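For reference, the structure discussed in these notes is given below.
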Amino acid sequence: MTEQFLAGAGIRHTVLRAGFYASTPAALADEEFVVSGPARTGRAAFATHEDIADVITAVALDEGPHSEHDGATLKITGPEALTLDEAVTRIAAATGRAYRYKPETVEDAFARRWRLGMSGEQIETWISWYQAIERGEVSMVTDVVPRLTRSPATPTSDAAWWPEPNTARGVR
């Protein structure tokens with residue numbers, strides 16, 4: 001919808017779509033560093049905040065009257081698609097904290113979040129995040145980061161920033 005509006009508006013534009021943030025699993029962890037959710041085998045190409053910022057900068061600094069990115073939708077991803085267990089294991093190694101992934105069924109995930117006092121809308125939002133991973137909807141790895149920044153995409157384990165556990169919006 002947004003892309004259609006921009007295309008019809010006759011203005012120069014580039015749409016940037018960031019994949020799932022590499023830091024999100026850390027923010028979703030509970031106080032014991034456990035990330036629980038229904039995404040056992042699916043994969044996601046987690047992108048770091050640094051890579052997203054570098055791509056935004058590259059697009060914004062393209063000063064020519066026309067750009068190869070004009071009208072494009074660029075999907076920003078990390079360098080590889082990881083299972084949630086692999087991503088959480090890498091976050092644990094990078095932070096020195098005991099992060100771990102605990103698979104749940106959709107039913108168990110919903111019930112646990114309901115007991116925590118989350119609204120149905122918040123629960124559906126978080127569970128849909130896990131389900132997108134499980135279905136492989138966010139597993140595609142693109143060349144956007146290396147192509148625009150001339151540097152390889154940053155692996156999850158090399159992200160420069162990690163949020164504290166239990167700080168994802170809507171978790172509390």
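Note that the coordinates shown come from a computational prediction; the quantities given were computed from them, not determined experimentally.
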**OP:** Describe, in one word, how the ring planes of Tyr99 and Phe33 are oriented to each other, choosing from parallel (under 30°), tilted (30 to 60°) and perpendicular (over 60°).
**Re:** perpendicular
Subject >> Salt bridge Arg113-Glu124, side-chain N to carboxylate O under 4.0 Å >> reply: no
Original post:
Can you find a pair of side-chain heavy atoms, one from Val15 and one from Arg17, that are under 4.5 Å apart?
Top reply: yes
Original post:
Going by the salt bridge (Lys or Arg N to Asp or Glu O under 4.0 Å) test, which pairs reach into residues 34-62, not counting sequence neighbours?
Top reply: Arg43-Glu86
Original post:
Relative to each other, are the rings of Phe20 and Phe46 parallel, tilted or perpendicular (30° and 60° limits)?
Top reply: tilted
**OP:** Could I get the full list of side-chain hydrogen bond (donor to acceptor under 3.5 Å, both in side chains) partners for Glu134, not counting sequence neighbours?
**Re:** Thr41
Original post:
From Arg12 CZ over to Thr14 OG1, what is the distance, rounded to the nearest 0.5 angstrom?
Top reply: 7.0 Å
Subject >> Rounded distance [0.5 Å steps], CG in Leu82 versus OG in Ser157 >> reply: 8.5 Å
Subject >> Side chain proximity check, His49 to Ser23, heavy atoms < 4.5 angstrom >> reply: yes
**OP:** Report the residues that fulfil side-chain hydrogen bond (donor to acceptor under 3.5 Å, both in side chains) with Asp30, sequence neighbours left out, ordered by chain and then residue number.
**Re:** none
Original post:
To which residues is Val145 joined in a hydrophobic cluster, defined by side-chain heavy-atom contacts under 4.5 Å among Ile, Leu, Val, Met, Phe, Trp and Tyr, whether direct or through other members?
Top reply: Leu16, Tyr21, Ile52, Val55, Ile56, Val59, Leu74, Ile76, Val144, Leu148
Original post:
Can you check whether Pro79 reaches Thr154 side chain to side chain, under 4.5 Å on heavy atoms?
Top reply: no
Per-pair distances, 0.1 Å, donor-acceptor, side chain in residues 88-98, under 3.5 Å, sequence neighbours excluded:
from	atom 1	to	atom 2	distance (Å)
Thr89	OG1	Asp85	O	2.8
Arg90	NH1	Glu80	OE2	2.4
Thr95	OG1	Ile91	O	2.9
Thr95	OG1	Arg97	N	3.2
Arg97	NH1	Glu164	OE1	3.2
Arg97	NH2	Glu164	OE1	3.3
Arg97	NH2	Glu164	OE2	3.4

Subject >> Heavy-atom side-chain contact between Tyr101 and Pro103 under 4.5 Å >> reply: yes
**OP:** Locate the shortest heavy-atom distance separating Ser139 from Ala81; write the atom from each residue and the value.
**Re:** O-CB, 3.3 Å
**OP:** Drop me the distance from Lys102's NZ to Ser36's OG, to the nearest 0.5 angstrom.
**Re:** 5.0 Å
**OP:** Following the transitive rule for hydrophobic clusters with a side-chain heavy-atom cut-off under 4.5 Å over Ile, Leu, Val, Met, Phe, Trp and Tyr, establish whether Trp162 and Leu28 coincide in one cluster.
**Re:** yes
**OP:** Identify whether Val35 and Phe110 are in the same connected component of the hydrophobic contact network (ILVMFWY, side-chain heavy atoms under 4.5 Å).
**Re:** yes
Original post:
Looking only at heavy atoms, what is the nearest atom pair of Gln122 and Met118, with distance?
Top reply: OE1-CA, 3.5 Å
**OP:** For His69 and Ser67, indicate whether the former's side chain and the latter's backbone hold a donor-acceptor pair under 3.5 Å.
**Re:** no
**OP:** Might you point out which heavy atoms bring Trp114 and Ser119 nearest each other, and give the distance in Å?
**Re:** CZ3-C, 4.5 Å
Subject >> side chain to side chain contact (heavy atoms under 4.5 Å, CB included) between Tyr130 and Leu84, worked out >> reply: CA-CA 9 Å; Tyr130 290 101; Leu84 199 49; 3.4 Å; yes
Subject >> Same apolar cluster (I L V M F W Y, side chains within < 4.5 Å links), Ile133/Ile127 >> reply: yes
Original post:
Considering all heavy atoms of both residues, which atom of Pro38 and which atom of Ala109 are nearest to each other, and what is their separation?
Top reply: CD-CB, 3.8 Å
**OP:** Identify the two heavy atoms, one from Pro155 and one from Thr48, that lie closest to each other, and give their separation to 0.1 Å.
**Re:** O-CG2, 4.1 Å
Original post:
Do Gln131 and Val106 come close enough that some side-chain heavy atom pair is under 4.5 Å?
Top reply: yes
Original post:
What residues, two or more places apart in sequence or in another chain, satisfy side-chain hydrogen bond (donor to acceptor under 3.5 Å, both in side chains) together with Asp108?
Top reply: Thr105
Subject >> Residues, nucleotides or ligands: over 12 heavy atoms within 6.0 Å of Glu32 CD >> reply: no
